[in-house]
Amino acid sequence: MSQEHFIGAQAIYQKLDRSNFEEDLKDAHVIQLRDQLFQLLSQKETTYHKTVVERLCMSLAYIALHTSSVCWPKSMQEIITYGSSYGPHECFFALTILKNICITFDQKMFS
């Protein structure tokens with residue numbers, strides 16, 4: 001596993017996990033971060049370790065959960081479309097994001 005990839009993915013995840021989305025993140029920055037995360041996952045020339053993929057997907061799950069009423073209202077639809085419009089890797093990523101949305105919602109929203 002590339003240590004740099006893990007450190008970067010973990011840093012993004014931790015920042016989102018600790019963020020107060022309403023105060024910390026602006027709509028334009030959230031959309032840009034979301035697009036960058038999808039772009040990282042879709043890079044064909046780079047193969048990430050499963051832990052890095054999991055952290056990137058968890059980050060996208062956080063963004064989807066916390067911004068669906070603000071700047072990403074069709075988050076679920078777009079994640080499903082992303083998974084069904086490309087190849088098997090993107091389908092796996094979309095399912096991992098959706099799984100993490102469920103886990104995060106259960107753990108964070110009801111704790």
Side-chain angles (χ1 to χ4, degrees):
M1 168 173 41
S2 172
Q3 197 68 16
E4 297 86 16
H5 292 153
F6 175 74
I7 291 170
Q10 182 69 14
I12 292 169
Y13 167 73
Q14 287 178 336
K15 171 65 177 160
L16 292 171
D17 186 36
R18 295 182 183 134
S19 285
N20 180 351
F21 278 81
E22 290 74 28
E23 296 175 10
D24 292 348
L25 302 174
K26 304 294 181 218
D27 291 356
H29 294 110
V30 171
I31 299 301
Q32 185 179 15
L33 177 59
R34 176 203 66 192
D35 293 345
Q36 284 288 346
L37 291 171
F38 274 118
Q39 189 176 45
L40 285 171
L41 287 172
S42 297
Q43 289 180 353
K44 300 295 183 201
E45 62 276 355
T46 305
T47 303
Y48 297 115
H49 188 271
K50 63 182 179 176
T51 307
V52 174
V53 170
E54 186 71 25
R55 288 293 185 254
L56 294 174
C57 290
M58 288 172 76
S59 298
L60 282 163
Y62 269 91
I63 292 170
L65 269 175
H66 290 283
T67 63
S68 61
S69 64
V70 183
C71 62
W72 196 15
K74 295 183 178 182
S75 57
M76 300 305 143
Q77 179 183 353
E78 290 178 17
I79 291 167
I80 293 168
T81 300
Y82 169 79
S84 63
S85 297
Y86 300 100
H89 286 84
E90 287 79 9
C91 182
F92 174 77
F93 299 148
L95 290 172
T96 304
I97 295 166
L98 294 171
K99 172 194 78 167
N100 282 303
I101 288 171
C102 295
I103 292 169
T104 302
F105 186 79
D106 186 48
Q107 291 176 346
K108 300 287 183 179
M109 302 298 188
F110 292 117
S111 62

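This structure is a prediction, so every number in the text was calculated from the model and none was measured. FYI, the numbering just counts along the sequence from 1.
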[X] [atom1] to [Y] [atom2] distance, which is reported to the nearest 0.5 Å:
X	Y	atom1	atom2	result
Ile63	Ser68	CD1	OG	12.0 Å
Thr51	Met58	OG1	CE	11.0 Å
His66	Cys71	NE2	SG	12.0 Å
Ile7	Arg55	CD1	CZ	13.0 Å
Phe38	Ile97	CZ	CD1	4.5 Å
His29	Ile31	NE2	CD1	11.5 Å

Taking the side chain as every heavy atom from C-beta outward, state whether [X] and [Y] have any pair of such atoms under 4.5 Å apart.
X	Y	result
Leu60	Ile79	no
Leu33	Leu37	yes
Thr67	Ser75	no
Leu40	Val52	no
Val30	Val70	no
Lys99	Glu54	yes
Ser42	Glu90	yes

### Message
Ring-plane angle category for Phe93 and His89, please: parallel below 30°, perpendicular beyond 60°, tilted otherwise.
### Response
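Phe93 vs His89 ring planes: tilted.
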### Query
Got more than 12 heavy atoms from elsewhere within 6.0 Å of NZ, Lys44?
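Enclosed: over 12 neighbouring heavy atoms sit under 6.0 Å from NZ of Lys44.
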### Task
Look at atom NZ of Lys74 and say whether more than 12 heavy atoms of other residues, nucleotides or ligands are closer to it than 6.0 Å.
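No, not enclosed.
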### Task
Verify the cluster assignment for Tyr86 and Met76: are they in a single hydrophobic cluster under the rule of side-chain heavy atoms below 4.5 Å apart?
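Per the 4.5 Å side-chain linkage, Tyr86 and Met76 are co-clustered.
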### Task
Would you kindly confirm whether Tyr62 and Phe105 end up in one hydrophobic cluster when ILVMFWY residues are joined by side chain heavy atoms under 4.5 Å apart?
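Cluster IDs for Tyr62 and Phe105 match.
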### Query
So, does Asn100 use its side chain to make a donor-acceptor pair with the main chain of Thr96 at under 3.5 Å?
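Yes, Asn100 side chain to Thr96 backbone: donor-acceptor pair under 3.5 Å.
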### Message
List the residues meeting ring pair (Phe, Tyr, Trp, His ring centres under 6.0 Å) with Phe92, not counting sequence neighbours, and say none if there are none.
### Response
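Ring pair (Phe, Tyr, Trp, His ring centres under 6.0 Å) check on Phe92 returns nothing, list empty.
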